[in-house]
Amino acid sequence: MNKKIRIAIPNKGRLKKPAIETLGQAGIEILEENRAYVSKTSDPRFEAIFARANDIPVYIQYGAVDLGVTGHDLIQEREADVLELLDLEFGKCTLIVAVPEDSTINSIDEVPALARVATGFPNITRKFFEKTGKQVEVLEVSGTAELAPKLGLAQIIVDLTSTGETLKKNKLRIIGTILESTTRLACNKIAYRTFEKQINELLARMQGGSE
Amino acid sequence: MTAPVARIVTTRMPSAPEPIRLFYVNNVFRYSQSYLKREREFCQAGVELVGCNTPEADGEILALLISSLKEAGLREVRVDLGYASLLKDLMNAAGLDTQQKVSVQGLLACRDSVGLKKFMEQNGFPSNLRDAFLQLSRCRRLDEVSSISLSGSKYDKLNKQLGSLLELQEILADYKVDELVFFDFSLTKKIEYYTGIVFEASVPNLGLPLGGGGRYDNFIEKFGKLKLPATGFALEIGKLLQALTAQGSKIPESSKTKVIVASKFRDTAVKAVKTLRDSGVIASLEITGRSLEKTIEYAKLTETDYVVSAGSSLKSPVTVYDIKANVSRNVTLQTFLKELGGQR
C-alpha cells in the first residue's frame with residue numbers, strides 16, 4: 001500500500017510550536033505554509049494535517065488521520081479510544097477545580113449541591129463530580145472559564161493551569177486536582193497495525209531525540 | 001448479544017446436545033454512561049459456539065470470522081488476538097494490586113512501551129516478567145508468542161498458555177487463514193469477562209474495528225445452573241458497510257421490483273396485488289380513485305418500477321406501464337411475473 005501516513009498537528013496554541021519542533025527533530029519537517037491544512041513533509045511517507053488540538057483525538061479515533069500530537073487531557077475529554085504511543089513530555093498542565101479566593105468553599109467536599117461549574121472540559125467535569133457524588137450544573141464555555149466567577153456565571157471553574165499565573169491574576173484558588181496532562185503522540189489503533197514498521201521507526205527517532 | 005444468547009442457552013436449551021452452534025442478526029441497544037453523543041443502537045451479526053473449550057473451537061470461530069468478512073466482499077482482512085487469561089496470570093505472577101493492574105492494562109492498551117518500561121522499573125517487576133511483558137508487546141506472530149517461556153515450575157500454567165498459541169496457529173493453518181491472524185497484547189479490554197483468547201477484526205481502509213469476540217468460559221453460569229464454556233464473535237453491520245464503501249465496493253441496493261396495481265375492478269386489483277406479493281414483488285393498490293395519468297405521475301415520484309392496469313379478470317392481459325422506459329404493453333400477469341424473474 002502506498003498511502004501516506006497522515007499526522008495531525010495542532011494548528012494553533014501552545015502545543016503547535018513544540019509539536020512541529022519535535023517532529024522536525026525526528027526527521028519529519030513541515031515543508032509548506034502554515035496556512036495550509038495539508039502539508040508535505042521532508043519524509044515522503046508522511047503528510048501533515050493541521051487541525052484544532054481539540055478535534056485531533058476524534059480525527060485519530062475514526063482514522064481520518066493515522067497519528068496526531070495532542071494533549072492527554074483532550075484525549076480524555078473526547079473519550080477517544082486511541083493509542084498513546086509516546087509521552088512527549090511538553091505542554092505539561094493540570095486540570096484543576098478552582099473558586100474565587102474569597103469563596104467559602106475550601107475543598108471538593110464543601111461544594112454545595114447544584115453549584116454551577118464553568119469549564120471547557122464538560123465531559124471530564126461531569127464525570128469527576130459524579131464520582132464524588134456531587135450534583136452540579138456544568139456550563140460549557142469554550143475559553144476563558146476563569147472569567148465566569150467574576151461575572152457571576154459560576155461559583156466554580158474547572159480549567160487547565162500550568163504555572164498558576166492566570167489563576168493568581170484572576171484571584172482564583174485551587175480546591176482540587178482532576179488530571180495531570182502532557183502532550184502525547186497518539187495513533188489510530190488500526191493504522192498502527194497497517195503502518196507498524198514506519199510508526200515504530202518514527203517512535204525510535206523521537207525517543208532518540210528526547211533522551 | 002452474548003448475554004441474551006447465554007440466557008436462552010440456559011433457560012430454553014438446557015438439554016441441547018453440545019456443542020451448540022448459534023447465530024443471530026439483530027439490533028443491539030447499548031447504554032453508554034458517556035455524555036458524548038454516542039450511537040446506542042446498532043445492528044450486529046454474530047455467532048456463539050457453546051459447550052466446547054478446545055483450541056479447535058477457537059480455531060473454528062476465527063476461521064468463520066475471516067470467511068464471513070471475505071464473503072461480505074472485504075479485502076485485506078486481518079484479525080488480531082490477545083490473551084486475556086495469559087495477561088491476568090502474568091499480572092498475578094508479578095504480584096500487582098488492583099490499582100497497578102489498571103495502570104499496566106492502560107499502558108498496554110495505549111501501546112506506550114516507554115511508559116510500561118518505566119512503570120515496571122518503578123514497581124519492582126522481577127526481570128523475567130518484565131522481559132516477558134516487553135517481548136509480548138512486540139510479538140505479532142502466534143508462534144513467536146509460543147517461543148517465549150519462563151523458567152521455574154511456578155510458571156508452568158503460564159508456559160502452557162504461551163505454548164498453546166502454537167497449536168492454535170496449526171489449526172488456523174489447516175483453515176488456510178494463519179497468515180491473517182496476528183498476536184496483539186494490547187487487547188486488554190474486558191479481560192475480566194474473557195477467559196481465553198480475545199480478538200478483533202479490521203481492514204486497513206477503516207479506522208475502527210469491524211467487530212470481535214473471544215472465549216468466555218465463566219459467563220453462561222451466571223444465568224443459571226449450566227456451566228458451559230463458550231466462544232463467539234459479533235460483527236457490526238454498519239461498520240462492514242462503511243468498510244465496503246471505503247474500499248470502493250458498490251453496495252447492492254434492494255433488487256425488488258415495485259409495482260402499483262390500478263383497476264376499476266377492486267376484486268381483480270386485490271387479487272393481482274396478492275399474486276405479485278406472493279412472488280416477492282413489492283406491490284401496492286391504487287386506492288385514491290385518481291386517474292391513470294395521475295397514478296403514473298405518483299409512481300414516478302415514488303420510484304415505482306411499473307404500474308399495472310387490470311381489467312375485470314386476470315385471465316385477460318393487463319396493461320403494464322414501464323415507468324423508467326416510459327412505454328406500455330399488454331401481457332398477462334403471469335407472463336409479466338415470469339419476465340420479472342425470481343424476486344426472493
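Throughout, a chain's letter reflects where its sequence line sits, starting with A, and its residues are numbered from 1. FYI, side chains are in, hydrogens and waters are out, and symmetry mates aren't considered; it's all heavy atoms of this structure.
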Audit row: B/Lys118, A/Glu89, salt bridge (Lys or Arg N to Asp or Glu O under 4.0 Å) steps and yes/no: CA-CA 14 Å; B/Lys118 258 188 213 160; A/Glu89 291 172 7; 3.4 Å; yes

Considering residues, nucleotides and ligands other than [X], do more than 12 of their heavy atoms fall under 6.0 Å from its [atom1]?
X	atom1	answer
B/Lys88	NZ	yes
A/Arg52	CZ	no
B/Glu41	CD	yes
B/Gln135	CD	yes
B/Lys117	NZ	no

Test item: B/Asp184 and A/Arg193 side chains (from C-beta on) under 4.5 Å apart, heavy atoms: yes

Pairwise side-chain contact, B/Leu208 with A/Ile190, heavy-atom cut-off 4.5 Å (strictly under): no

Given a strict heavy-atom distance threshold of 4.5 Å, which part of [X] is in contact with chain A: side chain, backbone, both, or neither?
X	result
B/Leu187	side chain
B/Leu107	neither
B/Lys189	side chain

Side chain to side chain contact (heavy atoms under 4.5 Å, CB included) partner of B/Val114, the single match among A/Leu85, A/Asp87, A/Leu86, A/Leu203: A/Leu86

Check against salt bridge (Lys or Arg N to Asp or Glu O under 4.0 Å), B/Glu200 and A/Lys189: CA-CA 11 Å; B/Glu200 62 181 35; A/Lys189 290 189 162 180; over 6 Å; no

Part of A/Asp81 lying under 4.5 Å from any heavy atom of chain B: side chain

A/Gln61, part contacting chain B, at a heavy-atom distance under 4.5 Å: both

B/Gly207 backbone acceptor or donor facing A/Asn188 side chain under 3.5 Å: yes

Spatial distance of atom CG (B/Asp80) from atom OH (A/Tyr192) [nearest 0.5 Å]: 11.0 Å

Electrostatic pair B/Arg111-A/Glu84, nearest N-O below 4.0 angstrom: no

